[in-house]
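A short worksheet on the structure shown next.
Whatever order the structure lists ligands and atoms in, that order sets their numbers, starting from 1.
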Amino acid sequence: MRIAIATPLRRCFDYLPPIGCNLSQIQPGVRVKIPFNHREEIGILLETVSQSEVPIEKLKTVIEIIDDNPLIPKEIFKLCQWAADYYHHSIGDVLFTAIPGLLRKGKFWTKAIHSSTPVDNSVPILLNTEQQHALDTINKTHQFRVFLLDGITGSGKTEVYLQAIHEKLQQQKQVLVLVPEIGLTPQTIQRFRERFSDGVIALHSGLTEKQRLHAWMLAQSNETKIIIGTRSAIFSPFANLGLIIVDEEHDLSFKQQEGFRYHARDLAVMRAHTNNIPIILGSATPALETLHNAQQQRYQHLILSERAGNAQLPEIQILDICKQPIEEGLSSPLLTEMKRHLEAGDQVMLFLNRRGFSPVLMCHACGWAATCKRCDARMTLHQQPKRLHCHHCDTRTPVPMKCGACGDKELITIGLGTERLETVLEKHFPQYAIARIDRDSTQRKGSMEKLLNSIQSGEKQILIGTQMLAKGHHFPNVTLVAIVDADGGFFSSDFRALERMGQLLLQVSGRAGRVEKKGKVIIQTHHPDHPLLHQLLHENYKTFAETLLQEREQAKLPPFTFFALFRAEALKADKAIAFLEKIKSIADSMGSSVNLLGPIPAIMPKRAGRSRMQLLMQSQQRPVLQSFLKLLLPEVEKLSLKQRVRWSLDVDPVEMF
Ligand code: ADP
Ligand code: ZN
Ligand code: ZN
């Protein structure tokens, strides 16, 4: 019996079947209990084989077969096998990622009982022409097809999803909806619940292991019709799946950044393909990869070009802050505009993608700045509570009383974080209440919901937030949105930085004027004439994306080429370098057309006390890269050097550090 267990090792393990068991009745996907390294482990049966490379006298025997029927349904099993193959990851780790925690521990499961029926409360809104066209196209598709629902913010994409789901429910089918981060968008869940009552199950991090298992079983037994969840929900079993929706498909959180580094959007497309059902990828700012697929006619492009209902797009003003008097990050035209909107009884939202009080604590005498001892990074000053905090390795230290170099006592803060912005605004607008939304202010369970409610109810008039505010929120009374500092994206060494900046700017701007009142967006920048900024704001995302795609093509970057990234980290840089050099020399000896770049230091060369290096592999053709990695990985697994480093392989990396 060939068995997978939860280990990063890229291999399976052979065992003899328990005595007296009838092999013909045992199907792949059942769990087994096995002896492993003097312990008992839970494994999953991959296949029964008659031959093994291990001599028969050395084979151990399975202790027990846990399930009568496969725990992992065939389609999930297939998806996992595909993913393990494509991401070159351990099949055991992939399978154990796919099942709920309790089942990993070998718990038995019984059929779920679900007392309520799925109810459809649809009083659907009358769709506009573009929405109707999109819906009709989706509804008449009953086999595999990928739709890119490319609709500007507030164009009614969610309404199209809801009505497409309604249609599937009529046909007794189930629907899977993937969203970026549920905790951030309770409103979206609420909208689904209002429409479909308790036919909806939301899979989020707040669930207990028991609830998670229950949801898993309800979907598998066709008792729940709609599952909404974050990336790992892609592994939910369904009895009769009819449609997959990936909302905000461009969002980075769909990519798992550690361990099994899969992209849930890409797996979703694969799953739709396997099940032969339609899939909708929705976004106002599609990823360049997705747009490229649409241009190549692999995906069908459905466009919503106008805001739904009576809402209009906001007026956008690029505010040149070069040489302007700026008080703690805020120019006087911005303050004036804020005052005007607040006095009219409307809400104002300020976006600043930097939490804490100030990103730099510096000595006024010698220019020394507080840095993290474990990372190549500065410590951020926080005031609530008072501390220095490294946002990369989470090190926290007391705020020093004097300079770490010259001992001078005059330490000054440089730069603006959300905490500081809050303090500044309290001074300027003492009569208005402020809600600050960032990772610090939303740590406690339920605090995000509370803050969002205080905004909905009008109790708070000024909103400050990081990118958490950009994700799909609907604040009807926000008429002014200000982007305090738009310049970050111009200076990053990641080739995707401009794409990200554009997406973020449009998503944030999209929070303004979502109902009848016309909105306004102010963007403070030192680069008012940057051509890309102009394209983005005065033309549209399509032109902006088109320009970036042309640049990518010329520079031979994704989506025109394909990347895989080996990362290695060690306490000493030379260990990581030696390991990657070794991989490189093996790769060179294979004589493939795959390009190798590196080893080079990562964008942040030191993090959490470890030196970080990388080796990039690039090919014009995906299959070439894939078969190359397939040959290479077994050789890498054999290297004794690998014991001395932490290493990983990232296929289609979305972040380069
Ligand atoms: P998106 O998901 O594209 O941001 P939503 O579906 O949230 O857009 O729609 C934005 C707002 O417009 C919501 O309040 C929604 O109820 C409303 N809306 C959507 N479609 C229509 C329509 N056809 N007529 C009137 N209002 C609509
Ligand atoms: Zn000093
Ligand atoms: Zn650090």
Side-chain angles (χ1 to χ4, degrees), residues 122-135 149-165 177 179-180 185 187-192 194-195 245-249 280 282-286 302-313 361-380 387-397 400-412 456 470-477 506-517 519 604-610 612:
S122 293
V123 197
I125 297 176
L126 193 66
L127 298 181
N128 64 32
T129 318
E130 286 178 326
Q131 283 174 311
Q132 192 62 51
H133 169 73
L135 182 69
L149 185 60
D150 178 358
I152 60 170
T153 53
S155 59
K157 294 182 290 297
T158 311
E159 189 56 39
V160 173
Y161 303 152
L162 291 169
Q163 298 200 23
I165 293 172
V177 185
V179 293
T185 49
Q187 289 171 323
T188 310
I189 308 298
Q190 208 181 324
R191 248 172 108 181
F192 277 78
E194 274 164 18
R195 205 54 80 85
I245 296 168
V246 184
D247 189 27
E248 310 288 358
E249 65 82 32
I280 308 173
S283 177
T285 53
L302 300 170
I303 296 175
L304 307 181
S305 60
E306 280 167 19
R307 279 204 159 169
N310 294 321
Q312 298 169 41
L313 272 180
L361 181 69
M362 190 182 269
C363 168
H364 196 47
C366 77
W368 167 88
T371 53
C372 177
K373 288 198 172 58
R374 308 175 68 220
C375 306
D376 286 320
R378 297 223 170 83
M379 299 288 273
T380 300
R387 63 168 194 268
L388 289 181
H389 188 174
C390 173
H391 290 175
H392 303 281
C393 71
D394 216 28
T395 296
R396 290 150 206 243
T397 60
M401 303 299 285
K402 52 184 202 239
C403 168
C406 74
D408 196 277
K409 289 211 172 101
E410 197 181 342
L411 298 181
I412 52 171
Q456 297 297 349
K471 303 204 176 187
H473 299 290
H474 188 65
F475 303 120
N477 291 317
L506 284 190
Q507 293 288 348
V508 174
S509 306
R511 302 310 116 206
R514 301 212 7 136
V515 285
E516 272 86 23
K517 295 180 193 168
M604 186 182 286
K606 194 173 127 196
R607 189 158 82 190
R610 292 173 166 268
R612 310 161 71 234

Ile412, CD1 atom: more than 12 neighbouring heavy atoms under 6.0 Å: yes

Best match, Gly309, Pro476, Gly510, Ser283: closest heavy atom to atom 26 (N) of ligand 1: Gly309

Atom CZ of Arg610: over 12 foreign heavy atoms under 6.0 Å: yes

Any donor-acceptor N/O pair, Arg612 side chain to Met604 backbone, under 3.5 Å: yes

Closest approach of any protein heavy atom to atom 27 (C) of ligand 1, naming residue and atom: Ala308 CB, 3.6 Å

Heavy-atom donor-acceptor pair, Glu249 side chain to Ile280 backbone, under 3.5 Å: no

Contact summary for Leu411 and Pro400, nearest pair of heavy atoms: CD1-O, 3.5 Å

Under 2.8 Å: N/O/S of Cys403 next to the Zn ion (ligand 2): yes

Contacts of the Zn ion (ligand 3) with protein N/O/S atoms, counting only those under 2.8 Å: Cys372 SG, Cys375 SG, Cys390 SG, Cys393 SG

Winner among Arg191, Gln132, Glu159, His474 once heavy atoms are compared against atom 15 (C) of ligand 1: Arg191

Main-chain N/O of Ile125 paired to Gln163 side chain as donor or acceptor, under 3.5 Å: yes

More than 12 heavy atoms of other groups within 6.0 Å of His391 NE2: yes

Closest protein heavy atom (residue, atom, distance) for atom 22 (C) of ligand 1: Ile125 CG2, 3.3 Å

Option whose closest heavy atom lies nearest to atom 5 (P) of ligand 1, chosen from Gly156, Gly151, Ser155: Gly156

Under-4.0 Å heavy-atom contact with ligand 1, by part of Asn128 that carries it: backbone

Interatomic distance, Thr371 atom OG1 to Leu388 atom CG [nearest 0.5 angstrom]: 10.0 Å

Minimum-distance protein heavy atom relative to atom 2 (O) of ligand 1: Thr158 OG1, 2.6 Å

Asn477 vs Lys517 side-chain heavy atoms within contact, under 4.5 Å: yes

Region of Val160 that comes within reach of ligand 1 [heavy atoms, distance under 4.0 Å]: neither

Residue, atom name and distance, where the atom is the protein heavy atom closest to atom 10 (C) of ligand 1: Gly154 O, 3.8 Å

Any donor-acceptor pair under 3.5 Å from Arg195 side chain to Arg191 backbone: no

Side-chain donor/acceptor of Asp408 to backbone N/O of Cys403, under 3.5 Å: no

Numbering as shown, the atoms of ligand 1 that approach Leu127 to under 4.0 Å (heavy-atom distance): 23 (N)

Proximal ligand 1 atoms for Leu126, defined as those under 4.0 Å from one of its heavy atoms: 22 (C), 23 (N), 24 (N)

For atom 20 (N) of ligand 1, the option (of Glu248, Gln131, Glu130, Arg511) bearing the nearest heavy atom: Gln131

Gln131 side chain to Glu159 backbone, donor-acceptor under 3.5 Å: no

